[in-house]
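Single-structure report; data block below.
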Amino acid sequence: MAAHRKSAHRKPKQRPFTGPAARTAATLALAGAATATSASGAGAAPAEPAPTAAQVRAKVDRLYHDAEVATEKYNGAKEKEAAATRAVDALADEAARRTDRLNTARHTLGSMATAQYRTGTLDPALQLALSSDPDSYLERAAHLDRAGDRQTSLLSNIRRQLSGIARVKARADQETEALAARRAELDKHRTAIRTKLADARTLLATLTAAERAAYERAADAAHGGGPATSADGSTAHPDRTGTGAHADRSAPRASVAAPNSRAARAVSFAHGAIGKPYVWGATGPNAFDCSGLTQAAWKAAGVSLPRTTYTQINAGQRVSRSELAPGDLVFFYSGISHVGLYIGGGQMIHAPRPGAPVRIAPIDQMPFAGATRVA
């Protein structure tokens, strides 16, 4: 009897699944395993491989190029902002002058009105009838008529002044709005430049010291090579004034003669700037960006150039590469984002990029876009 009770509490033996039931069980088991594996790896994306040194260098080059494009846009926006500021200031001065004239006219009219109020007059006909000296009265009446004409003229002048001031103020409001837009554009380009240069520094920091040195050598080679040099290959010396480096002023210049005295002065100025640092937005005398250098060089020759690369290219006569002469402006990249001053022998003086001072470089190491002869 006890044995029977024990056997009654035993679990029935599980029979293995066969046929369709077995296949269903296997499918469910595999699905569960897959779900568990997926859940355990949820949120874990495969890590991206770190960029190679070559990829970093390529990205840095692109960032420097983009920063130079933004620099020229910044220079253009700054020029427009300066023009808008001058326009607003001129309109403010004009409004002040017109207001002074209006106040003068109002004062004169007020004085006339006060005088008439104080003296008072009888009806002209009655005054003539009572006058003991009709000739004297008629003379006074003529003066009063002229005074009335003057008063009428003053009133017309005041109306014109008020209308003119209203027009000036409307123009000033428009120019003020334009100025605000120019300043916003300026801030946008300034931010873009700073962001791109900061990104370039961050990327360079991921390289080893040896890789950074290799990058700088390659960049130097692309923009003229090595330290800043004069036309005869002598190394620039530090400027004891603390404004940067400069080429030896006694060093011989390029053997190719400039076509005229103004071009020669522009080339001479550029030689004197060799070794000075690249600073975006700078036009000298202690630092330059690319278009700032060419503008300053030609300013020293008595010629006023516009501020940006894409306006300087239209500041003279276009010349082909085979026609280049010292003093010509040479432009690079499809967006006309870089400029140098040609000095002959296939070379130019230019301000390359941040960290690379003004130097001599061959013109064939960047995509040539055109040239302009200023004078």
Side-chain angles (χ1 to χ4, degrees), residues 61-62 64-73 75-76 79 219-225 228-233 247 252-274 278 283-284 288-353 356 358-375:
D61 284 341
R62 170 53 59 184
Y64 277 145
H65 175 72
D66 290 348
E68 187 168 50
V69 172
T71 294
E72 290 306 311
K73 290 180 180 179
N75 291 337
E79 199 171 39
D220 280 341
H223 292 94
T229 56
S230 64
D232 67 336
R253 300 305 192 219
S255 59
V256 181
N260 55 60
S261 60
R262 285 187 294 182
R265 287 196 295 272
V267 170
S268 178
F269 180 94
H271 274 284
I274 288 174
Y278 177 104
T283 58
F288 301 91
D289 63 20
C290 68
S291 57
L293 174 63
T294 50
Q295 184 187 53
W298 273 102
K299 183 179 180 180
V303 177
S304 178
L305 286 184
R307 179 63 182 92
T308 64
T309 52
Y310 49 84
T311 51
Q312 287 183 6
I313 196 171
N314 297 316
Q317 176 188 355
R318 296 287 187 95
V319 293
S320 68
R321 185 166 178 166
S322 62
E323 297 172 317
L324 287 173
D328 290 347
L329 304 177
V330 283
F331 299 89
F332 304 91
Y333 300 103
S334 59
I336 318 297
S337 59
H338 191 75
V339 61
L341 189 76
Y342 189 70
I343 60 172
Q347 293 184 309
M348 65 177 172
I349 297 175
H350 73 144
R353 59 174 178 84
V358 176
R359 61 182 54 181
I360 292 174
I363 65 170
D364 60 1
Q365 290 189 334
M366 284 182 286
F368 187 82
T372 293
R373 181 158 299 155
V374 178

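Keep in mind that this is a model prediction, so the values were computed, not measured. Along the sequence shown, the residues carry numbers beginning at 1.
- Taking Asp61 as the reference, Tyr215 meet the side-chain hydrogen bond (donor to acceptor under 3.5 Å, both in side chains) condition, with sequence neighbours excluded.
- Taking the side-chain hydrogen bond (donor to acceptor under 3.5 Å, both in side chains) definition, one finds that Gln312 meets it with Thr294, sequence neighbours left out.
- In summary, the side chains of Glu323 and Ser320 do present a donor paired with an acceptor at a separation below 3.5 Å, with no hydrogens or angles considered.
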What verdict does the side-chain contact (heavy atoms from CB on, under 4.5 Å) test give for Arg318 and Ile313, after you've listed the backbone C-alpha separation in whole Å, the side-chain angles of each residue and the deciding distance to 0.1 Å?
CA-CA 8 Å; Arg318 296 287 187 95; Ile313 196 171; 3.6 Å; yes
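- A pairwise comparison of heavy atoms in Ala315 and Thr372 identifies C-CG2, 4.2 Å as the closest pair.
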Kindly indicate, with the supporting measurements, whether the criterion side-chain contact (heavy atoms from CB on, under 4.5 Å) is fulfilled by Leu329 and Trp298.
CA-CA 10 Å; Leu329 304 177; Trp298 273 102; 3.9 Å; yes
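- Using modelled atom types, one side-chain atom of Thr71 and one backbone atom of Ala67 make a donor-acceptor pair closer than 3.5 Å.
- Residues Phe332 and Phe368 meet the side-chain proximity criterion, which asks for heavy atoms closer than 4.5 Å.
- Partners of Thr311 by side-chain hydrogen bond (donor to acceptor under 3.5 Å, both in side chains), not counting sequence neighbours, listed by chain and number: Thr308.
- Nearest heavy-atom pair across Thr283 and Ala296 is O-CB, 3.7 Å.
- For Arg307, the salt bridge (Lys or Arg N to Asp or Glu O under 4.0 Å) partners at least two apart in sequence or on another chain are Asp289.
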side-chain contact (heavy atoms from CB on, under 4.5 Å) between His350 and Val339, worked out:
CA-CA 7 Å; His350 73 144; Val339 61; over 6 Å; no
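- Taking the salt bridge (Lys or Arg N to Asp or Glu O under 4.0 Å) definition, one finds that Arg373 meets it with Asp328, sequence neighbours left out.
- Taking CD of Gln365 as the start and CE of Met348 as the end, the distance is 8.5 Å to the nearest 0.5 Å.
- Considering only heavy atoms from C-beta on, His271 comes within 4.5 Å of Ile349 through its side chain.
- Ile360 places a side-chain heavy atom less than 4.5 Å from the side chain of Ile343.
- Judged purely by atom type and a 3.5 angstrom limit, Tyr342 uses its side chain to pair as donor or acceptor with the backbone of Gly346.
- The closest side-chain heavy-atom distance from Ser291 to His338 is not below 4.5 Å.
- Heavy atoms only, all atoms of each residue included: Thr309 and Glu72 are closest at N-OE1, 2.9 Å.
- Contact detail for Ala371 and Leu324: the closest heavy-atom pair is CB-CD2, 3.4 Å.
- Residues Leu293 and Ala351 share a closest heavy-atom pair of CD2-N, 3.9 Å.
- In this structure, OH on Tyr310 lies 12.0 Å from CD1 on Ile336, to the nearest 0.5 angstrom.
- Using the six-membered ring where Trp is involved, Tyr333 and His65 have ring planes that are tilted, between 30° and 60° apart.
- Listed here is the closest heavy atom pair of Arg353 and Tyr278: O-CB, 3.1 Å.
- Arg62 meets the salt bridge (Lys or Arg N to Asp or Glu O under 4.0 Å) test with Asp66; sequence neighbours excluded.
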